[in-house]
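Every heavy atom of this structure was used, including side-chain atoms; hydrogens, water molecules and symmetry mates were not. Residue numbers run from 1 in the order of the sequence given.
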Amino acid sequence: MVGEEGAFVLGWDEVLTEEELSVTLKVLCMSEEEFKEYKEQDGWEDDSEEEENSTLLNEALSRLKPPCKRLLYDSVLLTLESYRSDLKAEQDLLNNKEAYEKLSRREQQALHVRYGQKRILHQLLELVQ
């Protein structure tokens, strides 16, 4: 469902892999009985038109069902734990001109990427609390 990388792609305003995330949340939040019934349907494409046409904008994430929100919340926490430093440490380094300038160009770019990723993840945490 998630492709080879096993990750979902989140942007500032929406989920960029919305179909994969939507189906994954739907399946993972089903009871065993609901899953059996869903699997027995004539294919996985029998979702309502409303679900097919919906987009997972950030506003929609805050309206997910509680089990889906909890699953996303826990997943984001696990992802944040995989980083060696937290958002504040990245922000402090970005704000410390002297320390920042001691980093190589590649390290500076990596810092910006990590900082952006963590900000998006923290934004997602707020949306699904």
Side-chain angles (χ1 to χ4, degrees):
M1 277 184 272
V2 208
E4 292 178 21
E5 295 179 15
F8 300 106
V9 181
L10 306 170
W12 283 112
D13 300 317
E14 64 186 339
V15 177
L16 302 177
T17 54
E18 68 179 272
E19 183 178 346
E20 292 90 344
L21 180 61
S22 181
V23 171
T24 301
L25 288 174
K26 182 177 183 176
V27 170
L28 290 176
C29 292
M30 287 180 178
S31 68
E32 186 176 343
E33 184 61 34
E34 290 171 323
F35 179 70
K36 285 179 183 176
E37 194 175 301
Y38 191 66
K39 231 171 76 170
E40 289 171 0
Q41 288 180 357
D42 196 21
W44 289 69
E45 299 165 18
D46 291 343
D47 294 333
S48 70
E49 284 183 30
E50 180 182 314
E51 288 177 351
E52 287 177 6
N53 293 328
S54 68
T55 58
L56 282 177
L57 297 174
N58 285 349
E59 304 87 53
L61 292 173
S62 63
R63 294 188 303 270
L64 289 172
K65 294 178 182 176
C68 293
K69 287 170 75 171
R70 184 68 199 176
L71 182 61
L72 268 178
Y73 186 86
D74 291 345
S75 298
V76 170
L77 287 180
L78 284 171
T79 302
L80 286 169
E81 287 175 8
S82 71
Y83 288 98
R84 292 183 184 193
S85 60
D86 62 7
L87 181 66
K88 183 169 178 1
E90 305 288 1
Q91 193 170 24
D92 290 345
L93 186 53
L94 283 167
N95 291 332
N96 183 337
K97 187 175 179 178
E98 187 177 311
Y100 179 80
E101 289 178 353
K102 289 181 181 178
L103 298 174
S104 70
R105 181 76 178 135
R106 186 175 181 165
E107 290 170 324
Q108 290 174 355
Q109 291 171 340
L111 173 63
H112 284 281
V113 169
R114 284 191 315 271
Y115 180 69
Q117 290 171 339
K118 291 174 187 176
R119 285 191 52 212
I120 289 173
L121 290 169
H122 280 274
Q123 175 182 314
L124 182 56
L125 279 179
E126 289 178 21
L127 290 168
V128 296
Q129 278 184 342

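Considering CD of Glu34 and CD of Glu37, their distance stands at 7.5 Å, rounded to 0.5 Å. Leu10 contributes atom CG, which lies 9.0 Å from atom OG1 of Thr79 (distance to the nearest 0.5 angstrom). Taking CZ of Arg84 as the start and CZ of Arg114 as the end, the distance is 9.5 Å to the nearest 0.5 Å. Rounding to the nearest 0.5 Å places CZ of Phe35 at 9.5 Å from CD of Glu32. Distance CG/Leu80 to CG/Leu125: 6.0 Å, rounded to 0.5 Å. Taking CD from Glu101 and NZ from Lys97, the interatomic distance works out to 5.0 Å, rounded to the nearest 0.5 Å.
In this structure, Leu87 belongs to a hydrophobic cluster whose other members, linked by side-chain heavy atoms under 4.5 Å apart, are Leu93, Leu94, Tyr100, Leu103, Leu111, Tyr115.
More than 12 heavy-atom neighbours from other residues, nucleotides or ligands sit within 6.0 angstrom of CD on Gln109.
Annotation: salt bridge (charged side-chain N to carboxylate O under 4.0 Å, His left out) contacts involving residues 116-129, sequence neighbours excluded, comprise Glu90-Lys118.
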Would Leu121 and Tyr83 satisfy side-chain contact (heavy atoms from CB on, under 4.5 Å), going step by step from the backbone distance to the final call?
CA-CA 12 Å; Leu121 290 169; Tyr83 288 98; 4.0 Å; yes
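Asn95 contributes a side-chain N or O that, together with a main-chain N or O of Gln91, makes up a donor-acceptor pair within less than 3.5 Å. The main-chain N or O of Ser62 is found under 3.5 Å from a side-chain atom of Lys69 such that the two form a donor-acceptor pair.
Using a 4.5 Å cut-off between side-chain heavy atoms of Ile, Leu, Val, Met, Phe, Trp and Tyr, with links allowed through other members, Leu78 and Tyr73 fall into different hydrophobic clusters. Both Trp12 and Leu127 are part of a single hydrophobic cluster, where members link through side-chain heavy atoms under 4.5 Å apart.
Partner Leu25 forms a side chain to side chain contact (heavy atoms under 4.5 Å, CB included) with one of Val23, Val27, Leu21 and no other, that one being Leu21.
Considering every non-hydrogen atom in both Lys26 and Met30, the closest pair reads O-CG, 3.0 Å. Heavy atoms only, all atoms of each residue included: Ser75 and Leu71 are closest at OG-O, 2.8 Å.
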